[in-house]
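Everything on this sheet refers to the single structure shown next.
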Amino acid sequence: MIPTNLDNKTVFEQLWNITKELRQKLESRFQLNPDPSVADLQQYSSLDGNIKGSLSAFSGTEIDWLVHSWLGNPEKSNFSTMRLTIWLAPHIDVPHLAFEFGTLPNADILFYIDYIPRTELLTDLAYLDRYYEPVNQTFLKLQDDARLKPFISKSVYVRLFQSPVSLCYTGAPTSDTLEITSTIAQETLERWLTWIDAAAPITEDLRNTLANRDLLLRRTAAERDPGNKFAAQLFGTQLTDKLVRSLWGGDRKISH
């Protein structure tokens, strides 16, 4: 049976619901406080009013910065993007967690799911074995899934940012690909939560170094996102700059 493509609004809503389910699990596990710096980004729109968006940011004792956002107009355009990124505090060195879903102009679904390393994987082999080897079989399984096509960024920095087991694929907008996306996302979060529960605390003398590395990585990733130039065309430079700062917490009011 050939899968039937779903309309873009349905796809958007199902992808956004995946992020909401993930966030609900996070809220039941962690203390999260909304940061006032993004209060005016709960609803925003492009210069022509055709593209809408929303961005929320949170922090807490265990999570340094969490962003939950979307932009698009599923009733008028095939393009949309949404993200849920969780940057941990430096009390442990478990990888950060990134989810990004969306629909492309050709109506395909895109998903990016990854653990962001907090050390140099080429030399910290214990870290590689602990957090990345367990995901390798999932990576290889998806590589062989004929319903999915690996998405390769044209940006050197983006490819460098992604881990060796980064799950980044496109696929037709069908119930099958949405089910794959949801299942992999839930498995990724559940695995991450078990790592956090088992993690040993980082010693006080190492926490500042880790926190500085985390912030540099978060800021660089936000500022070097290839999509920023297109965002500037849609939203103007001023709003785009604020959105980028919000991704890394440049205007944050709450600190821990």
Side-chain angles (χ1 to χ4, degrees), residues 2-27 34 38 40-58 66-86 97-114 142 145 147-153 158 166-189 222 225-236 239-240 242-244 246-247:
I2 299 175
T4 302
N5 286 13
L6 305 173
D7 70 85
N8 193 58
K9 184 177 180 182
T10 299
V11 172
F12 176 90
E13 290 175 348
Q14 292 194 42
L15 289 172
W16 182 241
N17 282 336
I18 293 172
T19 72
K20 290 197 292 185
E21 290 171 4
L22 296 170
R23 180 174 150 189
Q24 285 171 0
K25 288 188 176 181
L26 291 165
E27 288 176 334
V38 299
D40 57 345
L41 295 177
Q42 299 304 293
Q43 291 185 338
Y44 62 88
S45 62
S46 59
L47 296 172
D48 61 9
N50 287 330
I51 302 295
K52 309 294 184 182
S54 176
L55 187 149
S56 300
F58 304 83
L66 182 153
V67 173
H68 191 203
S69 67
W70 65 267
L71 66 84
N73 189 341
E75 295 180 344
K76 294 184 178 180
S77 169
N78 284 335
F79 171 77
S80 67
T81 185
M82 58 203 77
R83 72 176 75 200
L84 177 65
T85 51
I86 308 102
L97 183 54
F99 298 99
E100 187 163 347
F101 309 128
T103 53
L104 302 175
N106 67 358
D108 277 356
I109 293 171
L110 166 72
F111 68 83
Y112 163 61
I113 300 172
D114 204 4
L142 293 186
D145 194 320
R147 296 167 295 183
L148 302 174
K149 179 181 178 182
F151 180 83
I152 311 297
S153 175
V158 170
S166 166
L167 307 176
C168 194
Y169 295 89
T170 62
T174 66
S175 55
D176 267 6
T177 51
L178 285 165
E179 181 63 29
I180 291 170
T181 303
S182 177
T183 299
I184 295 296
Q186 297 290 347
E187 289 176 356
T188 300
L189 176 60
D225 188 326
N228 291 348
K229 61 181 180 181
F230 301 109
Q233 296 170 7
L234 289 172
F235 301 109
L239 177 54
T240 298
K242 181 172 178 57
L243 289 167
V244 170
S246 298
L247 293 178

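With L84 as the partner, the side chain to side chain contact (heavy atoms under 4.5 Å, CB included) test is satisfied by one option alone out of L97, L189, V67, L26: L26. Of the residues listed (T81, L55, L243), the one engaging L71 in a side chain to side chain contact (heavy atoms under 4.5 Å, CB included) is T81, and it is the only one.
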Is there a side chain to side chain contact (heavy atoms under 4.5 Å, CB included) between F111 and I18? Walk through the geometry before answering.
CA-CA 11 Å; F111 68 83; I18 293 172; over 6 Å; no
Stepwise, does the side chain to side chain contact (heavy atoms under 4.5 Å, CB included) test hold for T188 with L22?
CA-CA 10 Å; T188 300; L22 296 170; over 6 Å; no
Are Y112 and R83 close enough, and set up right, to give a side chain to side chain contact (heavy atoms under 4.5 Å, CB included), and what steps lead you there?
CA-CA 9 Å; Y112 163 61; R83 72 176 75 200; over 6 Å; no
Derivation of the side chain to side chain donor-acceptor pair (under 3.5 Å) call for T174 and D176:
CA-CA 5 Å; T174 66; D176 267 6; 5.2 Å; no
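Shortest non-hydrogen contact noted between G72 and I51 is N-CG2, 3.7 Å. Counting all heavy atoms, side chain and backbone alike, D225 lies closest to G227 at OD1-N, 2.8 Å. Here the shortest heavy-atom pairing between V11 and P173 reads CG2-CB, 3.8 Å. The shortest non-hydrogen separation linking Y44 to S54 is CE2-N, 3.4 Å.
The distance from the NZ atom of K52 to the NZ atom of K76 is 7.5 Å, given to the nearest 0.5 Å. To the nearest 0.5 Å, atom SG of residue C168 and atom NZ of residue K149 are 12.5 Å apart. Going from atom CD1 of I180 over to atom CG of L167 covers 11.5 Å, rounded to the nearest 0.5 Å. Remark: L66 CG to T85 OG1 distance equals 6.5 Å, nearest 0.5 Å. With rounding to the nearest 0.5 Å, the separation of CD1 in I109 from CZ in R147 is 11.5 Å. One finds the CZ atom of F12 at 12.5 Å from the CZ atom of F101 (value rounded to the nearest 0.5 Å).
Salt bridge K9/D7: absent, no basic N to carboxylate O contact under 4.0 Å. R23 has a carboxylate O that lies under 4.0 Å from a charged side-chain N of E27, or vice versa, which qualifies the two as a salt bridge.
Contact check for T177 versus Y169: no side-chain heavy atoms found under the 4.5 Å cut-off. Taking 4.5 Å as the limit, every side-chain heavy atom of L239 sits out of range of all side-chain heavy atoms of L234. In this structure the side chain of W16 reaches within 4.5 angstrom of the side chain of H68, judged on heavy atoms. Side-chain contact check for L104 versus N78: every heavy-atom pair is 4.5 Å or farther apart. Side-chain contact check for V158 versus P226: some heavy-atom pair is nearer than 4.5 Å.
Using modelled atom types, one side-chain atom of N228 and one backbone atom of A222 make a donor-acceptor pair closer than 3.5 Å. Side-chain atoms of N8 come within 3.5 Å of backbone atoms of S77 as a donor-acceptor pair (strictly under, hydrogens ignored). In terms of modelled atom types and a separation under 3.5 Å, the side chain of S246 and the main chain of K242 share a donor-acceptor contact. Looking only at distances, a side-chain donor or acceptor of T240 sits under 3.5 Å from a matching main-chain atom of A231.
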